[in-house]
Amino acid sequence: MSYTLLQLAEKTGARFTGNGDCIIECVAPIQNASQNAISFVSSSKFSKFLTDTKAGAVIVTEALSENLTIPALIVENPRACYARIVALLYPVFKPEPGVHNSAVIDATATVDASAYIGANAVIEAGAQIGANVYIGSACVIGRNSHILDNTYLHANVTVYSGCYIGENCIIHSASVIGADGFGFEHDNGEWVKIPQVGGVRIANNVEIGACSTVDRGAVVDTVIEEGVKLDNHIQIAHNVRVGAHTVMSNGVGVAGSTSIGKHCLIGGMTGIKDHIEITDNVIITAMSLVSKSLTRPGSYSSNTPIDDTRTWRKNAARFRQLDEMARRLRQLEKKLEKE
Amino acid sequence: MSYTLLQLAEKTGARFTGNGDCIIECVAPIQNASQNAISFVSSSKFSKFLTDTKAGAVIVTEALSENLTIPALIVENPRACYARIVALLYPVFKPEPGVHNSAVIDATATVDASAYIGANAVIEAGAQIGANVYIGSACVIGRNSHILDNTYLHANVTVYSGCYIGENCIIHSASVIGADGFGFEHDNGEWVKIPQVGGVRIANNVEIGACSTVDRGAVVDTVIEEGVKLDNHIQIAHNVRVGAHTVMSNGVGVAGSTSIGKHCLIGGMTGIKDHIEITDNVIITAMSLVSKSLTRPGSYSSNTPIDDTRTWRKNAARFRQLDEMARRLRQLEKKLEKE
Amino acid sequence: MSYTLLQLAEKTGARFTGNGDCIIECVAPIQNASQNAISFVSSSKFSKFLTDTKAGAVIVTEALSENLTIPALIVENPRACYARIVALLYPVFKPEPGVHNSAVIDATATVDASAYIGANAVIEAGAQIGANVYIGSACVIGRNSHILDNTYLHANVTVYSGCYIGENCIIHSASVIGADGFGFEHDNGEWVKIPQVGGVRIANNVEIGACSTVDRGAVVDTVIEEGVKLDNHIQIAHNVRVGAHTVMSNGVGVAGSTSIGKHCLIGGMTGIKDHIEITDNVIITAMSLVSKSLTRPGSYSSNTPIDDTRTWRKNAARFRQLDEMARRLRQLEKKLEKE
């Protein structure tokens, strides 16, 4: 794929300066770009590279565009413009519509003629596959599940029965949508399974990374709202609701029946307890444990700072005496107040 | 599926009051149940909904059954009774016995005539599949592994060679049973792999969630005892023993050769170190790190509480001075004792 | 498989004492080995078992070899010698070369005649499979990816397009190589996907456990250097570099663009933030959060020690007052200094 700078400017709505005929074939970091590449600079930290770069063109803000000697796209958000240009230069792989002859499609399933079903994929009874959907090799789509238009499932995704996945979603390999929520009741020394009869409902424009799980609801559906982006190794337990445009980094675990607001940013490997509510616009830093509802927007954290193990061990041992230390400190204060 | 209340009472051994002929077709939360639904109330927190619910019937304790105006099942443990009723109303999907024509069964494998083998599943040489077993689409059962009666493997489960999975087990998608334990020996600046030649032995009535791993033993077997319930993203390392009826929530990691007792509850994303012993009836709260043996029943925790990031940062910085603070506190005490 | 002790000595370069003709068929722990087994003892902790063991032979150090009454291999590193003997006695399963008739090989893919492609595996367009490679059942190898000689992929591994996996590697089931890095740019209240157009480059002698993910780079490749060993549930984000011979235990998450040195040992469930550098020979203990670059070799930790929940709760509450306590302590010190 290649475009002239002028074409890229038109397609992204960017203003441009310099030679609009220069040919752009790829993207590259500003430090080691070659003549056929476009790079972006969004922070002054990298602006020093603008003078010497060999890039054919750059994407910059108004502020960074002064004194530029090479062709440029000028936009408010260079990184967002860059994202759109990458999408143009590297189109997503989409084979001709059709069903690979090794795929297994149940006679009662519906597959739109514009969809592609990959090698050894399995579409079970009553499942519905929408227009322009891509089902990767060896995916399994369970009974009566719906995959809506333009959604892209990479190889080896498993969707259980009775799940809905919206339009323009992307799901990566080895992820599992609709496995049973973890529900048991203790009775006579054993655990009785509570069958999980809700489903999963994923809205449009959601992306889910590899090896992630979204469990089906106990009775009502587990819900992922529009535009949510989940990284790898994420766990969304039964009955959870994840608000629109919320982002979770690798390894976050959200326990059952918790509700998370819109536009939240959840740092990697954070744990969120069951049956709590997190409001909109909450940021949680990496590896925190959220053990109570967070009712006000803002940034939250737990954990302790990294240290050399020897020092850490001494401090960690004192953590076990912290309450006692606080009491002793209070004692001293009282003693001195009296004097 | 539908049952009369009388039928449900008979099948669960519950006492009932009110119209035994009322028809129950589904379950629903007490707040928004309709006439064909049964709900349960086990805590007084939800008892206020009993007056106004539109549910056809409810499952309650003796104490909550007074003044009820709707049909009810009266039991000691409403949630356990509810679990059994859900199982009746929503039977697990079980197709007619047989082998899907796309499945690959090695000539030396044994598949009971009452079992079902799904589309594109692979049963390797010498594997044995018991009565009424369900092997989901695209599962792979390794050489000489045994899957005992009534066990249910959802799509895309991988069982390595030489593993035993007991009766009435459930394993969810993308889980892996019997991958190599993580064993290497450092020699001349490189890691020499120690081949893992033990197996995995899973007892009856075990459930394992999605994307979980149970590694094979180094020499002897990794063992999961009867009735254990593991959630998603669990790691059970080589040589571990998990005691009967122990439950682990999402993301727990148990390192090699550790032994965990019976009836333990391990909170989500807890890490348990290698070569330690945890006795029976231990509770560990979420995201704890268990770095030593726990020889007494009870509840254990580590980690720090969630706080706004600004406050947390100040406190976390002090954590690095904790030992010094303790020493200074002791100094002050000594000084004041002298005076 | 069976060997005489003499044969094992020759193949491992060990010195031997006692009857070189004794037949060794298996390995076993020293405590319960039988006549046909060889055991190893590398620490004095287990040396007491040497007198009474029923093992046919043992592997020991020079120091432990005195007064031995049974045949022995004498080496500097008994565990490394043991690893090599296990590999001899339990050879890795390797079927005859060939392509299972249920596998799907694209016409433009190249498969070496000495490779084995398992049942229902999928090799997509342009992929190249080297000599003696084993591709397990139901694996998917994406377009134009290369799997070099002697590499072994267990069942159900997914390799995306454009990835390189070196020689003598092992990858376990449900792992995903080359899924999109997690890159989005916020624009007008929504997240714009930044297509991930780099690849993954895995060097020789790397082992990756089950349910692990190595994401493709945003523009340049994600790199795993020679001899790295990754356990299960590992996340390697886009643009990360993992230095040669580094080892990570279960559940470690490495965020984007971070660089990790050679010969590091990363404890289980540790989180490592994005855009930092960790130098060579760093040890990080389990469940630490590495939030800044570590420029000096050594051991590092964070987290708090396990305690009974009641005590922990009191101490954890005080953690939230730590900065205030430090200030009050300083106040007292000043007060006493004045007096």
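Numbers restart at 1 for each chain; the letters A, B, ... are given by sequence-line order, proteins then strands.
The 12-atom threshold is exceeded at CZ of A:Arg318, counting heavy atoms of other residues, nucleotides or ligands nearer than 6.0 Å. Counted within 6.0 Å of CZ on A:Arg310, heavy atoms from surrounding residues, nucleotides or ligands total 12 or fewer; the atom is thus considered open. Other residues, nucleotides and ligands contribute only 12 or fewer heavy atoms inside 6.0 Å of the NZ atom of A:Lys45.
Atom-to-atom distance recorded for A:Asn156:CG and C:Thr158:OG1 is 3.5 Å, nearest 0.5 angstrom. Atom OG of A:Ser42 and atom CD of C:Glu185 lie 7.0 Å apart (nearest 0.5 Å). Between the NZ atom in A:Lys229 and the CH2 atom in C:Trp191 there is a gap of 10.0 Å [rounded to 0.5 Å]. Distance check: A:Cys211 SG to C:Ile234 CD1 gives 11.5 Å after rounding to the nearest 0.5 Å. Atom OG1 in C:Thr270 sits 7.0 Å away from atom CD1 in A:Ile306 (nearest 0.5 Å). Distance check, rounded to the nearest 0.5 Å: CG of A:Asn120 to OG of C:Ser102 gives 7.0 Å.
Counted by atom type alone, A:Thr309 and C:Tyr300 present zero donor-acceptor pairs between their side chains at under 3.5 Å. In this structure, a donor-acceptor pair under 3.5 Å is present between the side chains of A:His233 and C:Thr213. Checked by atom type, the side-chain pair A:Asn232/C:Asp215 shows a donor-acceptor distance below 3.5 Å.
Taking both residues in full, the closest heavy atoms of A:Ala286 and C:Lys273 are given as CB-CE, 4.0 Å, listed atom of the first, atom of the second, then distance. Nearest heavy-atom pair across A:Arg327 and C:Lys314 is NH2-CD, 4.5 Å. Nearest heavy atom pair, residue A:Ser173 against residue C:Val176, reads O-CG2, 3.6 Å. When all heavy atoms are compared, the tightest approach of A:His245 to C:Gly189 is CG-O, 3.7 Å. The two residues A:Ala174 and C:Ala174 have their closest heavy-atom pair at CB-O, 3.7 Å.
Between chain C and the options A:Glu76, A:Arg79, A:His100, heavy-atom pairs under 4.5 Å are most frequent for A:Arg79. Of the listed residues C:Val219, C:Ile194, C:Val197, C:Val104, the one with more heavy-atom pairs under 4.5 angstrom with chain A than any other is C:Val197. Annotation: maximal heavy-atom pairing with chain A below 4.5 Å, among C:Ile283, C:Leu289, C:Val140, C:Leu322, occurs at C:Leu289.
For a residue to count as touching a neighbouring chain, one of its non-hydrogen atoms must lie under 4.5 Å from one of that chain's; by this rule A:Gln321 touches chain C with the backbone only. Interface remark: A:Arg313 contributes no atoms to any contact with chain C (heavy atom separation under 4.5 Å). Proximity to chain C is absent for every atom of A:Leu88, based on heavy atoms less than 4.5 angstrom apart. The part of A:Asn77 that comes within reach of chain C is its side chain, from C-beta onward, which places non-hydrogen atoms under 4.5 angstrom from that chain. Looking at C:Ala138, the atoms closer than 4.5 Å to chain A (heavy atoms on both sides) all sit in the backbone: N, CA, C or O. Interface remark: C:Ala121 contributes backbone atoms only to the contact with chain A (heavy atom separation under 4.5 Å). At a 4.5 Å heavy-atom cutoff, A:Leu89 makes no contact with chain C through either its backbone or its side chain. Using a 4.5 Å cut-off between heavy atoms, C:Ser175 does not touch chain A at all. Neither the backbone nor the side chain of C:Val159 comes within contact range of chain A; no heavy atom of the residue lies under 4.5 Å from a heavy atom of that chain. When heavy atoms are compared at a cutoff of 4.5 Å, A:His263 approaches chain C solely by way of its side chain, counted from C-beta outward. C:Phe319 touches chain A through backbone and side chain together, each having a heavy atom under 4.5 Å away. Looking at A:Asp307, both its backbone and its side chain come within 4.5 Å of chain C, counting heavy atoms on both sides.
Under the 4.5 Å side-chain criterion, counting only non-hydrogen atoms from C-beta, C:Phe182 is not in contact with A:Leu230. Residues C:Ser299 and A:Asp308 have side chains not in contact (no heavy-atom distance under 4.5 Å, counting atoms from C-beta outward). A 4.5 Å side-chain heavy-atom check between A:Arg320 and C:Trp312 finds every atom pair outside the cut-off. Counting heavy atoms from C-beta on, the side chains of A:Tyr90 and C:Gln196 never come closer than 4.5 Å.
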- [ ] Please assess C:Lys193 against A:Val86 for the test side chain to side chain contact (heavy atoms under 4.5 Å, CB included), listing each intermediate value before the final yes or no.
- [x] CA-CA 10 Å; C:Lys193 180 177 176 70; A:Val86 182; over 6 Å; no
- [ ] Could you please spell out the steps behind the side chain to side chain contact (heavy atoms under 4.5 Å, CB included) verdict for A:Met325 and C:Met325?
- [x] CA-CA 9 Å; A:Met325 277 172 63; C:Met325 279 172 62; 4.1 Å; yes
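One finds a salt bridge joining C:Asp187 and A:Arg84 here, because a Lys/Arg side-chain nitrogen approaches an Asp/Glu carboxylate oxygen to under 4.0 Å.
When C:Lys335, C:Arg328, C:Gln331 are each tested for a side chain to side chain donor-acceptor pair (under 3.5 Å) with A:Glu333, only one passes: C:Arg328.
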